[in-house]
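The structure appears below as structure tokens.
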Amino acid sequence: MTDLTIDMQRLQQDINELGQIGRDADRGLHRRAFSEGDRAGREWFRGRLEAAGLDVWQDGAANLHGRLDYDGKRPVVAMGSHLDTVPGGGPLDGALGVLIGLEVLRTAKENAVDLAYPLEVIDFTDEEGRFGGMFGSQAMAGKLTPESISHARDLEGVTLVEAMANWGLNADDALAARRDPHTLHAFIETHIEQGPVLDRRGLSVGVVEAITGLFKWEVRLKGQPNHAGTTPMDMRIDPFQGLAEFGGEINRLIEEHGSPNSRATIGRVELAPGAANTVPGMATFSFEVRDTDEKVLTALAHAARRTLSSLARRRDLMFEFDVLSEIDPVRCDPGIVQTIEAQAERMGLEYITMPSGAAHDTQSMSRITRTGMIFVPSLQGRSHSAAEWTNWEDIETGANLTLQSALALAARQ
């Protein structure tokens, strides 16, 4: 069993074929959840599952499952990720974990591995957030409500209910996708790092020990619009100046209240009325903070609120904000981490344990089973773009580490 390896030529063919589905003139992939590109990618994947002779099942949240040696009695060792993409995304984000999971099942089946626990691969629905993010894994974790389903809509105003109905699906069936924890023995997600650490260090794999949580706010600083030529500088009530001051405070907030894993970003700014010759009356901006420690996130939120309130008072501005999203950080299961590390050492691989700065379906799955993640490097740390790529030899190494880790958890010793 320990000498088994995946069929890299087959995996490479799968990656290349799937990487053409949803490709546009910009060379990026367009497989947003419940789009035609997403449908085509799912149909292609279903065909691969069926061709491999696996049991195929789609649950109420449209998660697509392939199963090997499944009898409905023993809990499964599951793997997977997502096939949906951001607009103009790359070929590996999410898709790599799904295809490696498929390859693990095919390899185990072809070599008649004696499994103590069945194997399962999952394509989760809408990880990338057209309707909020991690919809499929949240459904499996039992985190959805009728209200959250009915209120979910994309940036164009299309509702989740409408999008699923266009596929002949009832969105409320997602409530029935909740997975009994007793049906799961473990879950492993293999993913590109989406950052530069592994690439810069020349490593083929990283073992994830914790996954970042985050909070995202929409902040509004309200001042007084006025003529840019006739309003003296010392008589302005300018919300942009408040925004600029807060931007300059971010590094201090991280140094005083954060950790080495903290990240804070102002990624979108809108000034109103938005004329070159007008002092703005409103500055609206996004503020997103990430860390792997819930206490650190709480401390950063409190500190950011105090800072914004203080500068607003000094500048005669009104300050308000809405919480757009909150995701709790999670730690991967120490036993799963140890299993992956042991297999990496047995294979003679150099690796590091590291946090994930991006959110993943593993966070949802951690609520119902033991979880672990394997990272492979992203060239120049690039992701969510057509330039996203990982060298073939690193993909092969990550796939074989996934194979050995999954079999260590699932196969009879």
Side-chain angles (χ1 to χ4, degrees), residues 33 81-82 84-86 89 93-94 97 124-141 143-144 148 151-152 154-155 189 191-197 206 208-220 243 246-247 249-269 284-308 320-332 354-367 371 373 375 378 381 383-384:
S81 195
H82 59 96
D84 69 307
T85 71
V86 296
D93 177 7
F124 292 106
T125 304
D126 192 24
E127 190 272 353
E128 290 292 6
R130 179 184 178 186
F131 296 102
M134 294 188 281
F135 170 72
S137 57
Q138 291 270 20
M140 286 186 61
K143 298 299 294 181
L144 299 183
S148 67
H151 288 177
D154 67 12
L155 295 177
E189 182 172 9
H191 208 282
I192 57 171
E193 181 196 344
Q194 301 180 281
V197 175
V208 178
E209 58 184 351
I211 305 171
T212 190
L214 65 84
F215 63 82
K216 186 190 305 180
W217 296 349
E218 181 183 85
V219 182
R220 293 177 295 280
L243 163 60
F246 179 68
E249 290 287 302
I250 286 179
N251 284 343
R252 177 189 64 80
L253 291 172
I254 297 295
E255 290 170 2
E256 293 182 2
H257 304 280
S259 78
N261 294 327
S262 297
R263 310 285 187 268
T265 305
I266 296 174
R268 180 182 59 82
V269 174
T284 303
F285 60 96
S286 63
F287 181 56
E288 183 191 85
V289 177
R290 299 178 182 233
D291 198 271
T292 54
D293 188 313
E294 189 171 2
K295 292 182 179 178
V296 172
L297 278 177
T298 300
L300 286 168
H302 290 334
R305 244 188 338 257
R306 289 194 301 268
T307 301
L308 284 163
E320 58 186 30
F321 74 100
D322 294 322
V323 177
L324 300 182
S325 61
E326 292 178 313
I327 299 176
D328 294 332
V330 301
R331 299 200 70 81
C332 294
M354 61 189 301
S356 170
H360 297 286
D361 288 307
T362 296
Q363 278 168 287
S364 301
M365 296 299 289
S366 291
R367 298 178 180 274
T371 60
M373 286 195 75
F375 273 170
S378 297
S383 183
H384 282 193

ask   = Do Asp84 side-chain atoms and Glu128 backbone N/O form a donor-acceptor pair below 3.5 Å?
value =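 Between the backbone of Glu128 and the side chain of Asp84 there is a qualifying donor-acceptor contact (under 3.5 Å).
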
ask   = Does the Arg290 side chain pair with the main chain of Arg263, one donor and one acceptor, at a distance under 3.5 Å?
value =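 Side chain of Arg290 to backbone of Arg263: no pair is present.
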
ask   = Is the closest side-chain donor-acceptor distance between Asn261 and Thr212 under 3.5 Å?
value =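 No, no side-chain donor-acceptor contact under 3.5 Å.
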
query = Among side-chain atoms of Thr362 and Glu189, is any donor-acceptor pair under 3.5 angstrom?
reply =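 Yes, a side-chain donor-acceptor pair sits under 3.5 Å.
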
request  = Mind listing the closest non-hydrogen atom pair of Val296 and Ser259 along with its distance?
outcome  =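 Heavy-atom minimum between the residues: CG1-N, 4.2 Å.
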
ask   = If you take all heavy atoms of Ser286 and Gly267, which pair is closest and at what distance?
value =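 Closest approach of Ser286 to Gly267: OG-N, 3.3 Å.
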
Are any of the side-chain heavy atoms of [X] and [Y] separated by less than 4.5 Å?
{"X": "Glu209", "Y": "Cys332", "value": "no"}
{"X": "Asp361", "Y": "Met140", "value": "no"}
{"X": "Phe215", "Y": "Leu297", "value": "yes"}
{"X": "Gln138", "Y": "Asp126", "value": "no"}
{"X": "Phe246", "Y": "Leu253", "value": "yes"}
{"X": "Leu300", "Y": "Ser262", "value": "yes"}
{"X": "Ser325", "Y": "Leu214", "value": "yes"}
{"X": "Met134", "Y": "Lys143", "value": "no"}

message = Between Trp217 and Val289, does the side-chain contact (heavy atoms from CB on, under 4.5 Å) criterion hold? Intermediate values first, please.
response = CA-CA 9 Å; Trp217 296 349; Val289 177; over 6 Å; no

ask   = How are the rings of Phe375 and His360 set relative to one another: parallel (under 30°), tilted (30 to 60°) or perpendicular (over 60°)?
value =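 Perpendicular, since the angle between the ring planes exceeds 60°.
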
request  = Take the angle between the ring planes of His191 and His82 and call it parallel below 30°, perpendicular above 60°, tilted in between.
outcome  =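 Rings of His191 and His82: tilted, as their planes differ by 30° to 60°.
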
inquiry  = By the definition side-chain contact (heavy atoms from CB on, under 4.5 Å), identify the one residue from Thr371, Asp328, Ile211 that meets it with Gln363.
reply    =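 For Gln363, the side-chain contact (heavy atoms from CB on, under 4.5 Å) test succeeds with only one of Thr371, Asp328, Ile211, which is Ile211.
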
request  = Decide yes or no on side-chain contact (heavy atoms from CB on, under 4.5 Å) for Ile192 and Ser383, but give the supporting numbers first.
outcome  = CA-CA 8 Å; Ile192 57 171; Ser383 183; 3.8 Å; yes

task = With side-chain contact (heavy atoms from CB on, under 4.5 Å) as the test, would you mind laying out the steps for Asp93 and Thr85 before giving the verdict?
result = CA-CA 7 Å; Asp93 177 7; Thr85 71; over 6 Å; no

query = What distance separates Glu288 CD from Leu324 CG, expressed to the nearest 0.5 Å?
reply =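 One finds 10.0 Å between CD of Glu288 and CG of Leu324.
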
query = How far does OG of Ser148 sit from CZ of Phe131, to the nearest 0.5 angstrom?
reply =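 Rounded to the nearest 0.5 Å, the OG-CZ separation comes to 13.5 Å.
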
query = Does a side-chain N-to-carboxylate-O contact under 4.0 Å join Glu218 and Arg220?
reply =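 Looking at Arg220 together with Glu218, the answer is yes, because their closest N to O distance falls below 4.0 Å.
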
message = Under 6.0 Å between ring centres: does that hold for Phe287 and Phe321?
response =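 No - the distance between ring centres of Phe287 and Phe321 does not fall below the 6.0 Å cut-off.
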
